[in-house]
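Bear in mind that the values here come from a model prediction, so they are computed numbers and not experimental data. Counting starts at 1 for both ligands and their atoms, in listed order. Side chains are part of it too, since the values below use all heavy atoms of this structure and drop only hydrogens, waters and symmetry mates.
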Amino acid sequence: MTGSLTELRTALTGDVLAPSDREYEQARLCFNLLIDRRPAAIARCVDADDVASALAFAQEHDLEIAVRGGGHNPAGHCAVDDGLVIDLSRMRDVEVDPEARVATSEGGATWMDLDAATQAHGLVTPGGVVGSTGVTGLTLGGGIGHLTAQHGLTCDNLVAAELVTPAGKLVHASDDENPDLLWGIRGGGGNFGVATRLKYRLHPLDRVIGGLLEYAGDGVPGALRAFRDVDAKASNNLSCQAQLRFDQGRTPALTVAPCYTGSDEEPDELRALRSAPGLVSDGVRSQSFLDQQRVFDPGYGVDRHYWKGHFVGELPDELLDTLLDRVANLDRPPGAILIESLRGAPKEVDPTSAAVGYRGAAFNVSVMATWIDPALDDEQIAWARETAAAIEPWSVSGGYANYMQADEPLDRIRAAFGPDSFDRLRVLKTRYDPGNVLHRNQNIPPAASGATAAATRLGRKA
Ligand SMILES: Cc1cc2nc3c(=O)[nH]c(=O)nc-3n(C[C@H](O)[C@H](O)[C@H](O)COP(=O)(O)OP(=O)(O)OC[C@H]3O[C@@H](n4cnc5c(N)ncnc54)[C@H](O)[C@@H]3O)c2cc1C
């Protein structure tokens, strides 16, 4: 392998890390410490030519490929034992055209890279809520965050992309060029090529009223209902998320994260949330959007994670009580249940414009087991699975691909798109990646003729 790596190093403008290199241990790390893999090499590409060379090298040497953007995917798809990681962390430039109101980000940019660049012009595109998450990985799965109600899913704001296919071909996707590919990458994941540049529509935004409202103790069930009721009636000026958990004192706790972008100084929706029972801390204020993007911000590579959830059509009292029972059942911080609203702009977009199949759902309810001690792995994973099973009766569109672990069956991935879109994605996969070279993702197996190669590749998947 050492001799072959010299060949790869010569082919790339970027650099290649091998296990003996000082930076390798850090570079192989995922956000999720539950994933501990040792690639044969990490190709840190700097442009599309590097990506094409790395793809060719891996296939010539029969190395399994993992593509790494921000390294956040809980399934750890960005890491692979004994294979080649195509790492885009050196491709993080973001160009903003304030006149045209578009931003073009390289394939490895993070949300803080993109937000900092666009906010310098008082502009924004809706993204994720944690700055270190990869822009590309999040977009490819849909994208839910602080501006979802206002401007839709992140992928709804993706207007064009440049990808390198496993065959090394540079392809473009837009309304005018390969529109079916643009449809597919709006939710269909990293199945069709390595994205090197993505162009987003931007919207004017200066300050927001946002931050965190914390509720504790006996008031939590009422506050959870208030969150649901406020969200149901809110205008598109308010995006809202909630996190339910047990705090260090083993009492129920709820965090609500509103992000209001309208013109009222004290909007009715926020007044209603503030008057809900159990409020113990009010951190909501007028602040810059960049500050809003820092209200969560967990440390990278600190915790072990196992996530599983469902899109639901409603949040009836019975489901809320089930969620409260389930956090009490864990009885151990800091695992949480995240509830993300899909109200507003996602519903106003032409549903045929994107592969995502969940925009009709009311909420994304995700069980997020988060822990540090490896001795708790079995307990935490069991809690997440059992809690997700308890939510399943209300499930409407499968689970959120961006939060899926690697153990999800194909049926759950199909359900996330619906059977028709899933079949169309398989046809697209066959066109761009017939051998399923890019299979370390929420995988869309190639249709018919690619099935044998797909089965072979899937059989190797950890
Ligand atoms: C702390 C945290 C916060 C999060 N917050 C949100 C949130 O607010 N909203 C939300 O919707 N999701 C959120 N997510 C989920 C996140 O969107 C997905 O996990 C996403 O896959 C992460 O992308 P990444 O590039 O960081 O991850 P990686 O692990 O680097 O990549 C994940 C996969 O995406 C694909 N991929 C990445 N880059 C490329 C590329 N350039 N070309 C082709 N394929 C690529 C590959 O298949 C890769 O395996 C969060 C995750 C974490 C851990």
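Any N or O atom pair closer than 3.5 Å counts here, and Glu340 shares no such pair with ligand 1. When only interatomic distances are considered, the shortest N/O to N/O separation between Val194 and ligand 1 does not fall below 3.5 Å. In terms of polar-atom proximity, Phe31 is not counted as a contact of ligand 1, lacking any N or O under 3.5 Å from an N or O of the ligand. Close N/O approach between Gly134 and ligand 1 is found [any backbone or side-chain N/O within under 3.5 Å]. For a threshold of 3.5 Å applied to N or O pairs, the pair formed by Tyr400 and ligand 1 contains at least one separation below that value. Distances between N or O atoms of Gly127 and those of ligand 1 include no value under 3.5 Å. Below 3.5 Å of separation, one finds no N or O of Ser132 facing any N or O of ligand 1. Considering backbone and side-chain N/O of Leu88, none are found under 3.5 Å from N/O of ligand 1.
Heavy atoms of Phe296 stay at 4.0 angstrom or farther from ligand 1. In this structure, Trp307 counts as a contact residue of ligand 1, since one of its heavy atoms falls inside 4.0 Å of the ligand. Heavy atoms of Gly141 come nearer than 4.0 angstrom to ligand 1 in no pair at all. Contact annotation: Pro74 has at least one heavy atom less than 4.0 Å from an atom of ligand 1. Using 4.0 Å as the threshold, Gly189 has no heavy atom nearer than that to any atom of ligand 1.
Nearest protein heavy-atom neighbour of atom 40 (C) of ligand 1: Thr136 CG2, 3.5 Å. Nearest to atom 34 (O) of ligand 1 among the protein's heavy atoms is Gly137 CA, 3.7 Å. Protein heavy atom at the shortest distance from atom 2 (C) of ligand 1 is His72 ND1, 3.4 Å. From the protein, the heavy atom lying nearest to atom 8 (O) of ligand 1 is Val129 N, 2.8 Å. When hydrogens are left out, the protein atom nearest atom 24 (P) of ligand 1 is Gly70 N, 3.4 Å; that is the closest non-hydrogen contact. For atom 28 (P) of ligand 1, the closest heavy atom belonging to the protein is Gly71 N, 3.4 Å. In terms of protein heavy-atom proximity, atom 32 (C) of ligand 1 is closest to Asn73 CB, 3.4 Å. Atom 13 (C) of ligand 1 has Tyr403 CE2, 3.4 Å as its closest protein atom, hydrogens excluded (heavy atom only).
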Any chance you could lay out the side chain to side chain donor-acceptor pair (under 3.5 Å) test for Asp50 and Ser53, step after step, and finish with the verdict? CA-CA 5 Å; Asp50 274 6; Ser53 299; 5.3 Å; no
Test side chain to side chain contact (heavy atoms under 4.5 Å, CB included) applied to Leu181 and Arg431, step by step: CA-CA 10 Å; Leu181 181 58; Arg431 189 178 319 150; over 6 Å; no
Mind running side chain to side chain donor-acceptor pair (under 3.5 Å) on His172 and Arg197 for me, showing each step along the way? CA-CA 9 Å; His172 294 94; Arg197 290 168 71 81; over 6 Å; no
Please test Thr104 against Glu95 for side chain to side chain donor-acceptor pair (under 3.5 Å), starting from the C-alpha separation and ending with a verdict. CA-CA 5 Å; Thr104 305; Glu95 287 164 22; 5.2 Å; no
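Within the listing of ligand 1, atoms 3 (C) sit less than 4.0 angstrom from a heavy atom of Val130. The distance from ligand 1 to the heavy atoms of Ile144 drops below 4.0 Å at these ligand atoms: 7 (C), 8 (O), 9 (N), 10 (C), 11 (O). Heavy-atom contacts of Asn441 reach the following atoms of ligand 1: 47 (O) (cutoff under 4.0 Å). In the vicinity of Gly128, heavy-atom distances shorter than 4.0 Å reach the ligand 1 atoms 7 (C), 8 (O), 9 (N).
A donor-acceptor pair under 3.5 Å links the side-chain atoms of Thr125 to the main chain of Arg201, judged by distance alone. Judged purely by atom type and a 3.5 angstrom limit, Tyr306 has no side-chain atom pairing as donor or acceptor with the backbone of Ala382. Proximity of a side-chain donor or acceptor of Arg37 to a complementary backbone N or O of Gly76 within less than 3.5 Å is detected. Remark: side-chain polar atoms of Asn157 are not paired, donor with acceptor, to backbone N or O of Tyr200 under 3.5 angstrom. In this structure, the side chain of Lys347 engages the main chain of Ala361 through a donor-acceptor pair within 3.5 Å. A donor-acceptor contact shorter than 3.5 Å links the side chain of Asn402 to the backbone of Leu138. Side-chain atoms of Asn441 come within 3.5 Å of backbone atoms of Gly190 as a donor-acceptor pair (strictly under, hydrogens ignored).
The backbone of Arg440, and not its side chain, has at least one atom closer than 4.0 Å to an atom of ligand 1 (non-hydrogen atoms only; backbone = N, CA, C, O). Contacts between Asn402 and ligand 1 below 4.0 angstrom, taking non-hydrogen atoms only, involve backbone and side chain alike. In Leu438, neither the side chain nor the backbone holds a heavy atom less than 4.0 Å from any atom of ligand 1.
Note: His305 and Phe31 meet the aromatic proximity criterion, with ring centroids under 6.0 Å apart.
For atom 43 (C) of ligand 1, the nearest non-hydrogen atom from the set Gly193, Cys155, Gly107 comes from Gly193. Of the options Leu138, Asp87, Asn191, Val135, the smallest heavy-atom separation from atom 12 (N) of ligand 1 is shown by Leu138.
The environment of Gln26 atom CD is sparse: at most 12 non-hydrogen atoms of other residues, nucleotides or ligands sit within 6.0 angstrom. Within 6.0 Å of the CG atom in Asp378, the count of heavy atoms belonging to other residues, nucleotides or ligands does not exceed 12.
Exactly one residue among Ile86, Val67, Ile444, Asn191 makes a side-chain contact (heavy atoms from CB on, under 4.5 Å) with Leu438. That residue is Val67. Applying side chain to side chain donor-acceptor pair (under 3.5 Å) to Arg304 and the options Asp36, Asn32, Asp377 leaves one that passes, Asp377.
When side chains are defined from C-beta on, Leu212 counts as touching Phe296, because their heavy atoms get closer than 4.5 Å.
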